[in-house]
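Reading through the structure tokens given below for one structure.
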Amino acid sequence: MNFDFKEIITAGMILFAVIDIVGSIPIIIDLRNKVGHIQSEKASFIAAVLMIAFLFIGETILNLIGIDVNSFAVAGAFVIFFLAIEMILGISLYKDDAPSTASVVPLAFPLIAGAGTMTSLLSLRAEYYVENIIVAILINVVIVYIVLKSSNTIGRWLGKSGLAVIRKVFGVILLAIAVKLFASNVTGLF
């Protein structure tokens, strides 16, 4: 076992920024208002299972179609870059249709364990030990669960401007992460 506190914290911060559960509070509140009850426990558990499974089988899938992890990490850097641009500029480059129910589907996937999260997991795997990433996933799932359970309270406490500031700060962090992922993996391609 190669547990490293620094790797856990770094991977955890990257996942926290990509998942952006605090920035998703307005979406969660809107879902709660539209359909009533949100299944916080089920959504958190399914998201954790999806992320951990993708961490292990994602590379196998890539190998099956002939893509190496460095190439995927560079592609992931671009996805993270565009997510950061969305967060910083307050624009939407990708928009999903509004879900009709607040079941596991809109919460666990794609809100929590979406394309950006999956891309980030394989990008992280190119740089960090798997056990540290799993711990980072579990820490983030606990945070996600807490935010889902208390989204109304957090939304009232932070207000619209507080949520906007947090979203922009994590956007800048994501932008720096994208640059680092790109720089550290692009040399492995050539």
Side-chain angles (χ1 to χ4, degrees), residues 1-21 23-24 42-88 92-97 99 103-144 170-190:
M1 293 287 187
N2 296 301
F3 287 107
D4 181 355
F5 186 71
K6 184 180 179 210
E7 281 192 12
I8 292 169
I9 294 299
T10 304
M13 288 298 292
I14 291 169
L15 289 174
F16 185 77
V18 172
I19 293 170
D20 188 30
I21 194 65
S24 298
K42 191 173 183 182
S44 300
F45 177 75
I46 297 295
V49 169
L50 284 172
M51 288 187 276
I52 292 171
F54 194 78
L55 183 65
F56 286 103
I57 64 169
E59 189 172 357
T60 304
I61 293 169
L62 289 178
N63 289 337
L64 197 64
I65 57 176
I67 299 172
D68 63 289
V69 175
N70 285 352
S71 298
F72 195 81
V74 169
F78 284 115
V79 171
I80 294 169
F81 174 81
F82 289 120
L83 285 171
I85 294 298
E86 284 183 337
M87 292 169 75
I88 294 168
S92 182
L93 299 173
Y94 176 77
K95 193 173 231 169
D96 276 334
D97 293 332
S103 64
V104 172
V105 174
L107 288 176
F109 183 84
L111 190 66
I112 301 166
T117 305
M118 299 304 188
T119 303
S120 299
L121 286 171
L122 287 188
S123 300
L124 288 170
R125 184 151 185 197
E127 291 189 43
Y128 302 116
Y129 289 107
V130 173
E131 52 270 23
N132 295 324
I133 300 169
I134 291 172
V135 172
I137 289 170
L138 295 176
I139 290 169
N140 272 283
V141 168
V142 168
I143 294 168
V144 163
F170 279 106
V172 172
I173 292 170
L174 273 184
L175 194 58
I177 291 166
V179 170
K180 181 181 185 266
L181 276 173
F182 182 81
S184 64
N185 285 291
V186 77
T187 54
L189 295 176
F190 302 107

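Excluded from the calculations below are hydrogen atoms, water molecules and symmetry mates; all remaining heavy atoms, backbone and side chain alike, are included. This chain uses plain numbering: 1 for the first residue, then up along the sequence.
Taking CD1 of Ile61 as the reference point, atom CG of Leu64 lies at 8.0 Å (rounded to 0.5 Å). Atom CG of residue Leu62 and atom CG of residue Leu122 lie 5.5 Å apart, to the nearest 0.5 angstrom. From Leu124, atom CG reaches atom CD1 of Ile14 across 4.5 Å, with rounding to the nearest 0.5 Å. Taken to the nearest 0.5 Å, the CD atom of Glu59 stands 9.5 Å off from the CG atom of Asp68. Interatomic distance, CD1 of Ile57 versus CG of Asn63, reported as 12.5 Å (0.5 Å rounding). Within the model, atoms CZ of Phe170 and CG of Leu175 stand 14.5 Å from one another, a figure rounded to the nearest 0.5 Å.
Looking only at side-chain heavy atoms (C-beta outward), Asp20 and Leu174 stay at 4.5 Å or farther from each other. Side-chain contact between Ile139 and Ile8 is present, with heavy atoms from C-beta onward closer than 4.5 Å. Using a 4.5 Å cut-off on side-chain heavy atoms (C-beta onward), Leu15 and Leu121 make contact. Between Val142 and Leu138 there is no side-chain heavy-atom pair separated by less than 4.5 Å. Counting heavy atoms from C-beta on, the side chains of Val179 and Phe81 never come closer than 4.5 Å.
Here the shortest heavy-atom pairing between Thr10 and Tyr128 reads CG2-OH, 3.1 Å. Across Lys180 and Glu127, no two heavy atoms sit closer than the pair NZ-OE1, 3.1 Å. Across every non-hydrogen atom of Ile112 and Ala43, the tightest pair is CD1-O, 4.3 Å. For the residue pair Phe3 and Asn132, the shortest heavy atom distance occurs at CA-OD1, 3.1 Å. Across Phe54 and Met118, no two heavy atoms sit closer than the pair CE2-O, 3.3 Å. Ala113 approaches Met51 most closely through the heavy-atom pair CB-CG, 3.9 Å.
For Phe45, the CZ atom counts as loosely surrounded, since its 6.0 Å shell holds 12 or fewer non-hydrogen atoms of other residues, nucleotides or ligands.
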Are Leu50 and Thr117 close enough, and set up right, to give a side-chain contact (heavy atoms from CB on, under 4.5 Å), and what steps lead you there? CA-CA 10 Å; Leu50 284 172; Thr117 305; over 6 Å; no
